[in-house]
K.L.:
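Here it is: the structure, laid out below.
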Amino acid sequence: MSTLYARFAAHVDAALDALEAEGVLARGLDRKNVTVEPPRDPSHGDLATNAAMVLSKGAKMNPRALAEAIVAQLSALDEVVSAEIAGPGFINMRLAEAAWRSELAAIHGGGGDYGKSTLGAGKTVNVEYVSANPTGPMHMGHCRGAVVGDALASLLAFAGHDVIREYYVNDAGGQVDVLARSVHLRYREALGEAVGEIPEGLYPGDYLVPVGQKLAAAHGDAFVGKPESDWLILFRETAVAEMLVMIKDDLALLGIHHDVFASEAVVQAEKKPEAAEAFLRERGLVYDGELEAPKGEVDPDWEPVTLPLFRSTQFGDDQDRPIRKSNGSWTYFGADMAYHFQKAQKADALIDIWGADHAGTVKRIKAAVEALTGGTKPFDVKLVQMVRLLRGGEPVKMSKRAGNFVTLADVVREVGKDVVRFTMLTRKADAQMDFDFAKVVEASKDNPVFYVQYAHARICSLRRRIGEAGMNVEAAPNPDLLDAEDLELAKLAAQFPRIVESAALAREPHRIAFYLYDLAAAFHAFWNVGNDRVDRRILVVNNEVLTISRLYLADAIRQVIANGLSIMGVQPVQEM
RNA sequence: GCGCCCGUAGCUCAGUUGGAUAGAGCACGAGCCUUCUAAGCUUGGGGCCGCAGGUUCGAAUCCUGCCGGGCGCGCCA
């Protein structure tokens, strides 16, 4: 069943087709800016289209004249009660109540699929998110990107994309060697050596203790007093594998499961960077050259060196970027470039979710993707800002030196997965956010998590209560009993498919959260009318068919809330 | 020095990719609770959308330049 907004977009399209056929409107005009939306001011009507204004220039017509022609077409529709021209050429439509009743039927018919879109047209999108270094458990710094990436992936899937959820494991850089050395220390400790204070520069966290024990149990003292070359690779691979187990457990706490864990070491072992370099050299986009001296602070040790450089300046970067170090090994960028090339083989579009501290490297990687794919694969980097942790308004103290950062697992354990996920989506990703342990679990209207869940639970309890009142909750509703006041709620619910599409286009999952808050607020307001006016209650004593019909409305709201929450990865609650 | 992000009500933030009279919560004022769960509700005041230009039927939104704040600048990862 088509949703209301999709149907009216088609109606407007058909009206324009008809005008073309009549010769009123020039053929082949670009309609991509034509919209069908609810007007900001509800007194203007239910739906508005800007078609006349957008097309008037190309049609060489006065917008109002064109609007009149379109109005004539739209007025003929059964679902349209009135269509009027307003302002500079808006067409405002008022819909028959039947239109909103049919949308309620669409919600009930669609169930969990209501709001799904074909916008994505089955195109494959690779969403890479989290990608935390495999050197320890996840801490709160990773949390927001994880949730935003996961919700975005779900949103895109809901909007009709094939989605690949991917995690890039940085298991090839210096930080995993440091990890291996840290584990070696724990290994010696497990064999009885007193290692004392963990030296500066190594990872001090206790989570490495069991890894050392495991290696000690498996290998005994075979690697004690041996040169690093004997054990580094084994220790590194073991440690990374153990860290990934921890990270996956942490992600599972948030309900996050990636489809692909891509290893940087494998990318390198498979010579992907070499292939990318050759490809770019052929096109003159990699050359051997010297880096400019760093700007700003003067480094006395700076010496010019010849390195293979990617010509990212040709794509708007301010400097060409080295892809190999002077010792011949790959820079992070060199490998990352090849990794993105690899992802682009299996997807129509790429999205990366990064922490805002990596903003400085966006240009070079976008340049690289454009160069490697000839611009055929749209590539978007979404930056996610820092989260400030507060407890009752006071910043939570953390000491990185002591390694006692706030872990994601601790937070999830304290406030719950759903609260964490919802809260992380109550702000635009690129805006800084506060996460206050006290506020996110507060049971009040200020807390959107609670308020939305409460609306869902309220409808669930309503259903139970109607049953307890001796009415048959499975009886057939009569939607004609729903009056204009009731249908205002249906109008808001009917926005959901549009919100999904616009959020997917903008790649902004937070819009779902804001919409659900609005919908919940409208439902609570609707509910509260019943406090003063008994006839406006949903449960009307001695009137089963009216009660069931209003439950039908309320259940539609519940369904939309549930669908929105499912995109966010939040479990709707039945009671509170 | 350069780049990126941000600047909307006293505060925290939305603003449907350019639409009509810019919204919500908090805070402040007024009124309302023995409930289809008041875990609140109704209602009022409060805005040079940082500033100045530009683009056009139309700008908080796009462009340019300033002002102010944050982040980043590496053969690191």
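In what follows, every chain begins at residue 1, and chains take the letters A, B, ... in the order their sequences are listed. Only a predicted model underlies this, so the values are computations on that prediction, with no experimental measurement involved.
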K.L.:
Rounding to the closest angstrom, what is the interatomic distance between rU64(B) and rG23(B) at atom C1'?
P.N.:
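Rounded to whole Å, the distance is 30 Å.
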
K.L.:
Partners of Asp317(A) by salt bridge (charged side-chain N to carboxylate O under 4.0 Å, His left out), sequence neighbours excluded?
P.N.:
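Salt bridge (charged side-chain N to carboxylate O under 4.0 Å, His left out) check on Asp317(A) returns Arg321(A).
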
K.L.:
Expressed as a whole number of angstroms, how long is the span from Leu516(A):CG to rA24(B):C1'?
P.N.:
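In whole Å, rA24(B) C1' lies 15 Å from Leu516(A) CG.
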
K.L.:
Where the side chain of Lys325(A) is defined as all heavy atoms beyond and including C-beta, which of rG74(B), rA38(B), rC76(B) is the nearest nucleotide?
P.N.:
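Looking only at side-chain atoms, Lys325(A) lies closest to rC76(B).
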
K.L.:
Would you say whether Trp527(A) stacks on rC36(B)? The test is a distance between ring centres of less than 5.5 Å and an angle between planes of less than 30°.
P.N.:
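One would call Trp527(A) stacked on the rC36(B) base.
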
K.L.:
rA77(B), rC75(B), rC4(B): which one has an atom nearest the side-chain heavy atoms of Leu383(A)?
P.N.:
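So the nucleotide nearest the side chain must be rC4(B).
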
K.L.:
Roughly how many Å apart are rC57(B) and rG69(B), using the P atom of each and rounding to a whole number?
P.N.:
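Taking atom P in both rG69(B) and rC57(B), they lie 39 Å apart.
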
K.L.:
Which residues pass the salt bridge (charged side-chain N to carboxylate O under 4.0 Å, His left out) test with Asp336(A), not counting sequence neighbours?
P.N.:
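Asp336(A) satisfies salt bridge (charged side-chain N to carboxylate O under 4.0 Å, His left out) with no residue once adjacent residues are dropped.
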
K.L.:
Are rA20(B) and His44(A) stacked, with the base six-membered ring and the side-chain ring centres under 5.5 Å apart and planes under 30°?
P.N.:
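Whether judged by distance or by angle, His44(A) passes, so it stacks on the base of rA20(B).
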
K.L.:
For the C1' atoms, the ones on rC32(B) and on rA14(B), what distance do you get once it is rounded to whole angstrom?
P.N.:
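Their C1' atoms lie roughly 29 Å apart.
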
K.L.:
Assign each of Glu575(A) and Phe333(A) to its nearest nucleotide of RNA chain B by heavy atoms, then name whichever residue's nucleotide is nearer the 5' end.
P.N.:
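Upstream on the strand: Glu575(A).
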
K.L.:
Report the distance from atom CZ of Arg558(A) to atom C1' of rC36(B), rounded to the nearest whole Å.
P.N.:
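Rounding to the nearest Å, CZ of Arg558(A) and C1' of rC36(B) are 18 Å apart.
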
K.L.:
Can you tell me the distance, in whole Å, between the CG atom of Leu539(A) and the P atom of rC36(B)?
P.N.:
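Nearest whole value for this atom pair: 9 Å.
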
K.L.:
Choosing from rG40(B), rC4(B), rG25(B), which nucleotide comes nearest the side chain of Tyr517(A)?
P.N.:
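Taking heavy atoms from C-beta onward, the closest nucleotide is rG25(B).
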
K.L.:
Between rG40(B) and rA59(B), how far is it from one C1' atom to the other, in whole Å?
P.N.:
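Their C1' atoms lie roughly 40 Å apart.
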
K.L.:
So, taking the atom named CD1 in Ile466(A) and the one named OG1 in Thr547(A), what distance separates them when rounded to the nearest 0.5 Å?
P.N.:
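Ile466(A) atom CD1 to Thr547(A) atom OG1 measures 6.0 Å (nearest 0.5 Å).
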
K.L.:
Quick one: list whatever passes salt bridge (charged side-chain N to carboxylate O under 4.0 Å, His left out) with Asp483(A), sequence neighbours left out.
P.N.:
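Per chain and number, Asp483(A) pairs via salt bridge (charged side-chain N to carboxylate O under 4.0 Å, His left out) with Arg536(A).
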
K.L.:
Distance check, P atoms only: rA24(B) and rA9(B), in whole angstrom units.
P.N.:
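My reading of the P atoms in rA24(B) and rA9(B) gives 14 Å.
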
K.L.:
Mind calculating the distance between OH (Tyr454(A)) and C1' (rA39(B)) to the nearest angstrom?
P.N.:
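Tyr454(A) atom OH is separated from rA39(B) atom C1' by 5 Å.
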
K.L.:
ring-ring contact (aromatic ring centres under 6.0 Å, His included) between Tyr339(A) and Tyr168(A): does it pass, once the steps are laid out?
P.N.:
CA-CA 9 Å; Tyr339(A) 167 58; Tyr168(A) 184 43; 3.8 Å; yes

K.L.:
Quick test of your reading of the model: are Asp46(A) and Arg94(A) salt-bridged, counting only N-O distances below 4.0 Å?
P.N.:
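No, this pair does not count.
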
K.L.:
State whether Lys363(A) places a side-chain N or O below 4.0 Å from either non-bridging phosphate oxygen (OP1 or OP2) of rG3(B).
P.N.:
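No, Lys363(A) has no side-chain N/O under 4.0 Å of OP1/OP2 on rG3(B).
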
K.L.:
What is the distance, rounded to the nearest whole Å, between atom CG of Asp288(A) and atom P of rC75(B)?
P.N.:
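Result: 15 Å.
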
K.L.:
Give Ala86(A) one of three labels, base, sugar-phosphate or nothing, depending on what nucleic acid heavy atoms sit under 4.0 Å from its own.
P.N.:
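It contacts base atoms.
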
K.L.:
With a 4.0 Å cut-off, would you call Arg465(A) and Glu468(A) a salt bridge?
P.N.:
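Answer for the salt bridge query: no.
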
K.L.:
Between the base of rC75(B) and the side chain of Ser326(A), is there a donor-acceptor distance below 3.5 Å?
P.N.:
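Looking at the base of rC75(B), it does pair with a donor or acceptor on the side chain of Ser326(A) (distance under 3.5 Å).
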
K.L.:
Inspect the contact between Asp352(A) and Lys382(A) and indicate whether a charged nitrogen and a carboxylate oxygen are less than 4.0 angstrom apart.
P.N.:
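No, no charged N to carboxylate O under 4.0 Å.
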
K.L.:
Which whole-number value in Å describes the distance from Asn33(A) CG to rG58(B) C1'?
P.N.:
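To the nearest whole Å, that distance equals 14 Å.
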
K.L.:
Let's see if you can work this out: which of rC36(B), rC75(B), rG19(B) has an atom nearest to the side-chain heavy atoms of Leu462(A)?
P.N.:
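Looking only at heavy atoms from C-beta outward on Leu462(A), the closest nucleotide is rC36(B).
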
K.L.:
Describe, in one word, how the ring planes of Tyr451(A) and His524(A) are oriented to each other, choosing from parallel (under 30°), tilted (30 to 60°) and perpendicular (over 60°).
P.N.:
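Tilted, since the angle between the ring planes falls between 30° and 60°.
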
K.L.:
Report all interatomic pairs (protein N or O, nucleotide N or O of nucleotides 41-44 of chain B) with separations under 3.5 Å.
P.N.:
from    : atom 1 : to        : atom 2 : distance (Å)
rC41(B) : OP1    : Lys445(A) : NZ     : 3.3
rC41(B) : OP1    : Tyr451(A) : OH     : 3.0

K.L.:
Taking the same atom, C1', in rC48(B) and in rA39(B), what whole-Å distance lies between them?
P.N.:
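My reading of the C1' atoms in rC48(B) and rA39(B) gives 41 Å.
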
K.L.:
So Arg550(A), base contact, sugar-phosphate only, or nothing? Heavy-atom distance under 4.0 Å.
P.N.:
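Touches nothing.
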
K.L.:
What is the nucleic acid contact for Gly89(A), judged by heavy atoms within less than 4.0 Å: base, sugar-phosphate only, or nothing?
P.N.:
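No contact.
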
K.L.:
In whole Å, I'd like the distance from the CZ atom of Arg321(A) to the P atom of rG72(B).
P.N.:
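Taking atom P of rG72(B) as the reference, CZ of Arg321(A) is at 16 Å.
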
K.L.:
In residues 62-71 of chain A, what residues come within less than 4.0 Å of RNA chain B, judged by heavy atoms?
P.N.:
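Heavy-atom contacts with RNA chain B come from no residue of residues 62-71 of chain A; none.
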
K.L.:
With sequence neighbours excluded, what pairs up with Asp436(A) under the salt bridge (charged side-chain N to carboxylate O under 4.0 Å, His left out) test?
P.N.:
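Checked Asp436(A) against salt bridge (charged side-chain N to carboxylate O under 4.0 Å, His left out); zero matches.
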
K.L.:
With sequence neighbours left out, write down each residue that passes side-chain contact (heavy atoms from CB on, under 4.5 Å) with Ala525(A), or none if nothing qualifies.
P.N.:
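Partners of Ala525(A) by the side-chain contact (heavy atoms from CB on, under 4.5 Å) criterion come out as none, since no residue qualifies.
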
K.L.:
Pick from Tyr114(A), Phe8(A), Phe496(A): which one makes a side chain to side chain contact (heavy atoms under 4.5 Å, CB included) with Thr3(A)?
P.N.:
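Of the listed options, the one satisfying the test is Tyr114(A).
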
K.L.:
Sugar-phosphate means primed atoms, P, OP1 and OP2; the rest is base. With that split, encode nucleotides 12-18 of chain B 5' to 3' as B, S or - using protein heavy atoms under 4.0 Å.
P.N.:
SSSSBB-

K.L.:
Using the P atoms only, state how far rG45(B) lies from rC36(B), rounded to an integer number of Å.
P.N.:
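One P to the other, the span is 31 Å.
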
K.L.:
For residues 357-369 of chain A, which side-chain donor-acceptor pairs fall under 3.5 Å, sequence neighbours excluded?
P.N.:
from      : atom 1 : to        : atom 2 : distance (Å)
Thr361(A) : OG1    : His358(A) : O      : 2.9
Lys363(A) : NZ     : Gly316(A) : O      : 3.3

K.L.:
Among pairs that include at least one residue of residues 505-524 of chain A, which meet salt bridge (Lys or Arg N to Asp or Glu O under 4.0 Å), considering only residues two or more places apart or in two chains?
P.N.:
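Applying salt bridge (Lys or Arg N to Asp or Glu O under 4.0 Å) to every pair that reaches into residues 505-524 of chain A, excluding sequence neighbours, yields Asp380(A)-Arg507(A), Glu508(A)-Arg511(A).
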
K.L.:
Strictly by salt bridge (Lys or Arg N to Asp or Glu O under 4.0 Å), give each pair with a member in residues 545-556 of chain A just once, sequence neighbours left out.
P.N.:
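Of all non-adjacent pairs touching residues 545-556 of chain A, those that pass salt bridge (Lys or Arg N to Asp or Glu O under 4.0 Å) are Arg463(A)-Asp555(A), Asp486(A)-Arg550(A), Asp555(A)-Arg558(A).
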
K.L.:
Quick check: on RNA chain B, is the nucleotide nearest Thr49(A) upstream (toward 5') of the one nearest Ala356(A), or the reverse? Name the residue that is more 5'.
P.N.:
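On the 5' side of the pair lies Thr49(A).
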
K.L.:
Which nucleotide in the set rG19(B), rC57(B), rA38(B) lies at the smallest distance from any side-chain heavy atom of Lys57(A)?
P.N.:
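It is rC57(B).
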
K.L.:
Taking only the P atom of each, what is the distance from rG58(B) to rU42(B) in whole angstrom?
P.N.:
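That atom pair is separated by 39 Å.
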
K.L.:
Across the strands shown, which category fits Gly530(A) at heavy-atom distances under 4.0 angstrom: base, sugar-phosphate, nothing?
P.N.:
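Counting heavy atoms under 4.0 Å across all strands, the contact made by Gly530(A) includes a base.
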
K.L.:
Let's test your reading of the pairing rules: Watson-Crick or G-U wobble, both distances under 3.5 Å, then write RNA chain B as a dot-bracket string with ( ), [ ], | and dots.
P.N.:
(((((((..((((.....[...)))).(((((.......))))).....(((((..]....))))))))))))....

K.L.:
Starting from C1' on rG69(B), measure out to CD on Gln385(A) and report it in whole angstrom.
P.N.:
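Whole-Å distance recorded here is 12 Å.
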
K.L.:
Is the distance between the ring centroids of Phe437(A) and Phe435(A) under 6.0 Å?
P.N.:
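Yes: the rings meet the under 6.0 Å criterion.
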
